Visitor: 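Below you will find the structure I want to go over with you.
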2 protein chains.
Amino acid sequence: MVKSETLRLNRIFQALSDATRRAILRDLAKREKTVGQIAQPYRMSLAAVSKHLKILEAASLIHKEKRGSFYHLRLNPTAFTSVEQWLGFYQQFWETRLDALKNYLEQE
Amino acid sequence: MVKSETLRLNRIFQALSDATRRAILRDLAKREKTVGQIAQPYRMSLAAVSKHLKILEAASLIHKEKRGSFYHLRLNPTAFTSVEQWLGFYQQFWETRLDALKNYLEQE
DNA sequence: CTATCATTCAACCATATGGTTAAATCAGAA
DNA sequence: TTCTGATTTAACCATATGGTTGAATGATAG
């Protein structure tokens, strides 16, 4: 594994380890939003949400663009491919496991 | 999202956010190992590795079993399905994105 | 210009994290 | 029983994390 990819995965998984940040991603999957719109459902301060967005952006999971006096946030779907690739390596293991289970059950 | 699944994902992603722990998972993918065998490639203390293993176990990414005076660790491949499922939701987005890119490139 | 609105930045705080070393546990060998 | 080896636990430390509040920035509306 290349070092830069390691750091990239560190940042991505760390970003995803917080439930608020995962909820924000879900929210942005629907449509692009401003910081204020994103913050609205949460009880925490705007500054706290702003920090979460910065972490998501550093992990390249979202893209932030300033238009006028508003920042617009949107999902960066390609970033998810890093996780997809990382996970891909392990799929062979749980797939063979599930296949074994399936075979076992079908024997009955 | 159910709360318990949220906590489960918190633990899993947090566990995966550390490069040492991801390396341990890779290592265990090959075959089952003891704590000492796992620790051998790393410069850190055995106690530090022991902590990493506890975190991976709490995230249910590995299974730990004591046989005699050795603890044997192995991958728990089914735990990866949680990540798989979480990621699945976003695949529609980056897939349509990649399809769009593919179409664009094929136009040339 | 000036006031306002959206957002960030800075300073701060409590708790979590990832490491250390030293002591405790616990199974197997002598 | 006693010694040894494998591993965990405990206490500790420095830094990171996730939150707060209040001041700063920067674009828009009067």
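As the structure is a prediction and not an experimental result, all values here were calculated from the model. Below, each value reflects all heavy atoms present in this structure, side chains not excepted, and no hydrogens, waters or symmetry copies. Order of the sequence lines fixes the chain letters, A, B, ..., with proteins taken first and strands second; residue numbering starts at 1 for each chain.
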Visitor: Taking the side chain as every heavy atom from C-beta outward, state whether B:Arg74 and B:Arg31 have any pair of such atoms under 4.5 Å apart.
Guide: no

Visitor: What's the closest nucleotide to the side chain of A:Leu46 if the choices are D:dG18, C:dG18, C:dT8?
Guide: C:dT8

Visitor: Is B:Ser45 close enough to C:dG19 that one of its side-chain N or O atoms is under 4.0 Å from OP1 or OP2 there?
Guide: no

Visitor: Using whole Å, report how far CE of A:Met44 lies from C1' of D:dG19.
Guide: 8 Å

Visitor: May I ask whether B:Val83 and A:Phe89 are part of the same hydrophobic cluster, defined by side-chain heavy atoms of I, L, V, M, F, W, Y residues being less than 4.5 angstrom apart, directly or through others?
Guide: yes

Visitor: State which of D:dG19, D:dG18, C:dT21 makes the closest approach to the side chain of A:Arg21.
Guide: D:dG18

Visitor: Measuring from the side chain of B:Phe70 (C-beta onward, heavy atoms only), which nucleotide among D:dG18, D:dT21, D:dA6 has the closest atom?
Guide: D:dA6

Visitor: Taking the basic N atoms (NZ, or NE/NH1/NH2) and the acidic carboxylate oxygens, is any pair closer than 4.0 Å for B:Lys64 and B:Glu32?
Guide: no

Visitor: Taking a hydrophobic cluster as the set of Ile, Leu, Val, Met, Phe, Trp and Tyr residues connected by side-chain heavy atoms closer than 4.5 Å, whether directly or through intermediates, do A:Val35 and A:Met44 fall within one such cluster?
Guide: yes

Visitor: Using a 4.0 Å heavy-atom cut-off to protein, can you give one letter per nucleotide of nucleotides 23-30 of chain D, 5' to 3': B if the base is in contact, S if only the sugar-phosphate is, - if neither?
Guide: ---SSS--

Visitor: Check each residue of residues 53-61 of chain B for a non-hydrogen atom within less than 4.0 Å of any atom in DNA chain C, then write out the ones that pass by number, or none.
Guide: B:Ile55

Visitor: Are A:Leu75 and A:Phe70 linked, directly or through other ILVMFWY residues, by side chains that come within less than 4.5 angstrom of each other?
Guide: no

Visitor: Assigning hydrophobic clusters by single linkage (Ile, Leu, Val, Met, Phe, Trp, Tyr; side-chain heavy-atom cutoff under 4.5 Å), is B:Leu87 placed with A:Ile12?
Guide: yes

Visitor: To the nearest 0.5 Å, how far apart are CD1 in B:Ile55 and CG in B:Leu61?
Guide: 11.0 Å

Visitor: Which is more 5' along DNA chain C, the nucleotide nearest B:Asp18 or the one nearest A:Val49? Just name the residue.
Guide: A:Val49

Visitor: Answer yes if A:Tyr42 and A:Leu28 sit in the same cluster of Ile, Leu, Val, Met, Phe, Trp and Tyr residues linked by side chain heavy atoms under 4.5 Å apart, and no otherwise.
Guide: yes

Visitor: Let me have a per-nucleotide readout for nucleotides 11-16 of chain C, 5' to 3', with B, S or -, counting only protein heavy atoms under 4.0 Å.
Guide: B-----

Visitor: Can you tell me if B:Lys64 touches the phosphate of D:dT7, counting only side-chain N or O atoms and a distance under 4.0 Å to OP1 or OP2?
Guide: no

